[in-house]
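Take a look at the structure set out below.
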Number of protein chains: 2
Amino acid sequence: MNTTTLTENTASPALSTVAAAASFSPLYQQIKSLVLQSLQAGEWKPGDPIPSEFELAARYKVSQGTVRKAIDELAKEHLLVRRQGKGTFVATHAEQQVQFRFLKLKPDNPQSDAQGPAERHIIDCKRLRAPTPVAQVLGLRAGEAVFQVRRVLSFDQVPTIFEDIWLPGAAFKGLTAERLSADTRPMYAMFESDFGIRMVRAQERLRAVLPSPEVCEWLRVASDTPLLKVERMAFTYHDTPMEWRIGVYLTDTRHYLNELN
Amino acid sequence: MNTTTLTENTASPALSTVAAAASFSPLYQQIKSLVLQSLQAGEWKPGDPIPSEFELAARYKVSQGTVRKAIDELAKEHLLVRRQGKGTFVATHAEQQVQFRFLKLKPDNPQSDAQGPAERHIIDCKRLRAPTPVAQVLGLRAGEAVFQVRRVLSFDQVPTIFEDIWLPGAAFKGLTAERLSADTRPMYAMFESDFGIRMVRAQERLRAVLPSPEVCEWLRVASDTPLLKVERMAFTYHDTPMEWRIGVYLTDTRHYLNELN
DNA sequence: CAGTGGTCTAGACCACACT
DNA sequence: GTGTGGTCTAGACCACTGC
């Protein structure tokens, strides 16, 4: 029933085809998904400005207010960033402000270190055929190529995080330990610039565990030290899974901070 | 400079005094804070409908669209709930939908239990003089009265969560173990109806720990079982701290789920 | 049917940034 | 100054609810 409404909307004849093909929702939702398509297609790259609200309104044959509402939602989802007087930009993990947006481990004493993982050590980066569980969570066929990256993050010389990262091989063709080690930016910033992949959303499952012998060595802890296990699924546009990451965190001088709203 | 603008805004003369006293922000922010005041003052109680957008627009002498934007934000913060065709209501923890909004521990196998803590066992509820750390986080003077509630939550007969809850004595006058045990609703729902206190926002800090001897007994686990320690600060309106809760979770068949946006 | 929230428009003006 | 996003208004119509 929404379809008829939208198709008959004389103010937006250009959208009739879209309405039939894509969505049966409010106009601003259709605009939102059109913008989303442009983002995914790479029409505007991370850091770039997108057209002004009036330009988009003209392009889609709707009023500026409708475009505004669509952009508002995309901005709240951190896909776009508005800057008054300048324009609206495609969000990026490279900005100083939102770097490590997904890293929730904070020092108990905020003044101890001035943010940012001090040191990152890549252990290895292997190209493998996906084990079944990895293939499943990443939405691949068993045996397809994947990359496995393992690394240790240290704060103030103290190894604190051990991570085991799985990435689809097709999307990350050419990834090597050398490239990962050489890059000083956050990993997700490199994924954007080098592979055109932007992580948009993630989901983490937390547990308390005891370390495996291997983890004991990398984090230099006893085998009875309780660790926080953080299992992360990260998604690009349209909820496509793009990373599976299993981390273990040392939480004796740091904690995982979560805001509940 | 915003003040002048607002004071001179001929469409909203009724707000000039407010603008001078309260905020130097957009009109809809002022409306938002006025509504917030009414909520805090208990003018509308949890579950009640608030006046319609047009009524509020008339009361505050602004346009309906401005009221709408204010309510939109309050709805996104879960302080209000909109229901098309019916009205806008004061949110409550009693609604089936959003019960246990702050409990992020989910079963690994979603179908195992059908949501909702199966059993709750109140260990004790004591009225004490606040220990210094408790007084500090709750914003009280050291030695002021506080309640300490301890309890165990079990899922499928398995004790899974041990909690130590601290509440300001003044606000919760008359709280007893009996009342807590008798009530079948979520604790926060009882706080609303019996004490007029609504928890609006919370913050949790997570760590992996080993259990104390006491916790070992209550959760019936070995002393080398790693547990997830969850330290929660809960706030009412205007970010007033109203609860400090230290919980330890057994995470062998459950996990703490967190969405990152 | 009347009343509520939800969407959309059109136009005005403000605040900010660059040039 | 010009162009951008940010706020505010007024009025129209749609969608849902309950009498």
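Every chain is numbered from 1 and lettered A, B, ... according to where its sequence line falls, protein lines coming before strand lines.
- Summarising the geometry, the separation between NZ on A/Lys61 and P on C/dC8 is reported as 17 Å, rounded to the nearest angstrom.
- With hydrogens and angles left out, the side-chain atoms of B/His255 and B/Asp108 include a donor and acceptor closer than 3.5 Å.
- Following rounding to the nearest Å, B/Leu27 (CG) and C/dC14 (P) show an atom-to-atom distance of 14 Å.
- B/Glu163 meets the side-chain hydrogen bond (donor to acceptor under 3.5 Å, both in side chains) test with B/Arg151, B/Arg245; sequence neighbours excluded.
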Between the protein and nucleotides 3-6 of chain D, list the N/O to N/O atom pairs that are separated by less than 3.5 angstrom.
from: D/dG3; atom 1: N2; to: A/Gly85; atom 2: O; distance (Å): 2.9
from: D/dT4; atom 1: O2; to: A/Gly85; atom 2: N; distance (Å): 3.3
from: D/dG5; atom 1: OP1; to: A/Thr88; atom 2: OG1; distance (Å): 3.3
from: D/dG5; atom 1: OP2; to: A/Glu53; atom 2: N; distance (Å): 3.0
from: D/dG6; atom 1: OP2; to: A/Arg68; atom 2: NH2; distance (Å): 2.5
from: D/dG6; atom 1: OP2; to: A/Arg82; atom 2: NE; distance (Å): 2.7
from: D/dG6; atom 1: OP2; to: A/Arg82; atom 2: NH2; distance (Å): 3.4
from: D/dG6; atom 1: O5'; to: A/Arg68; atom 2: NH2; distance (Å): 3.4
from: D/dG6; atom 1: O4'; to: A/Gln84; atom 2: NE2; distance (Å): 3.4

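- Atom pair B/Gln29:CD and D/dT7:C1' shows a separation of 11 Å (rounding to whole Å applied).
- Applying the ring pair (Phe, Tyr, Trp, His ring centres under 6.0 Å) test to A/His93 and every residue at least two apart in sequence or in another chain returns A/Phe102, A/Tyr188.
- Partners of A/Glu43 under the salt bridge (Lys or Arg N to Asp or Glu O under 4.0 Å) rule, at least two apart in sequence or in another chain, are A/Arg59.
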Legend entry - Per-nucleotide pairing state of DNA chain C [Watson-Crick or G-U, under 3.5 Å; [ ] pseudoknot-crossing; | other strand]: ||||||||||||||||||.
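- With sequence neighbours excluded, the residues satisfying ring pair (Phe, Tyr, Trp, His ring centres under 6.0 Å) with A/Phe195 are A/Phe172.
- In terms of the salt bridge (Lys or Arg N to Asp or Glu O under 4.0 Å) criterion, residue partners of B/Asp194 (sequence neighbours excluded) are, by chain and number, B/Arg179, B/Arg185.
- Residues passing the salt bridge (Lys or Arg N to Asp or Glu O under 4.0 Å) test with B/Arg232, sequence neighbours excluded: B/Glu204.
- In this structure, A/Tyr60 places its OH atom 14 Å from P of C/dT9, rounding to the nearest Å.
- Remark: A/Arg82 engages A/Glu53, A/Asp72 in a salt bridge (Lys or Arg N to Asp or Glu O under 4.0 Å) (not counting sequence neighbours).
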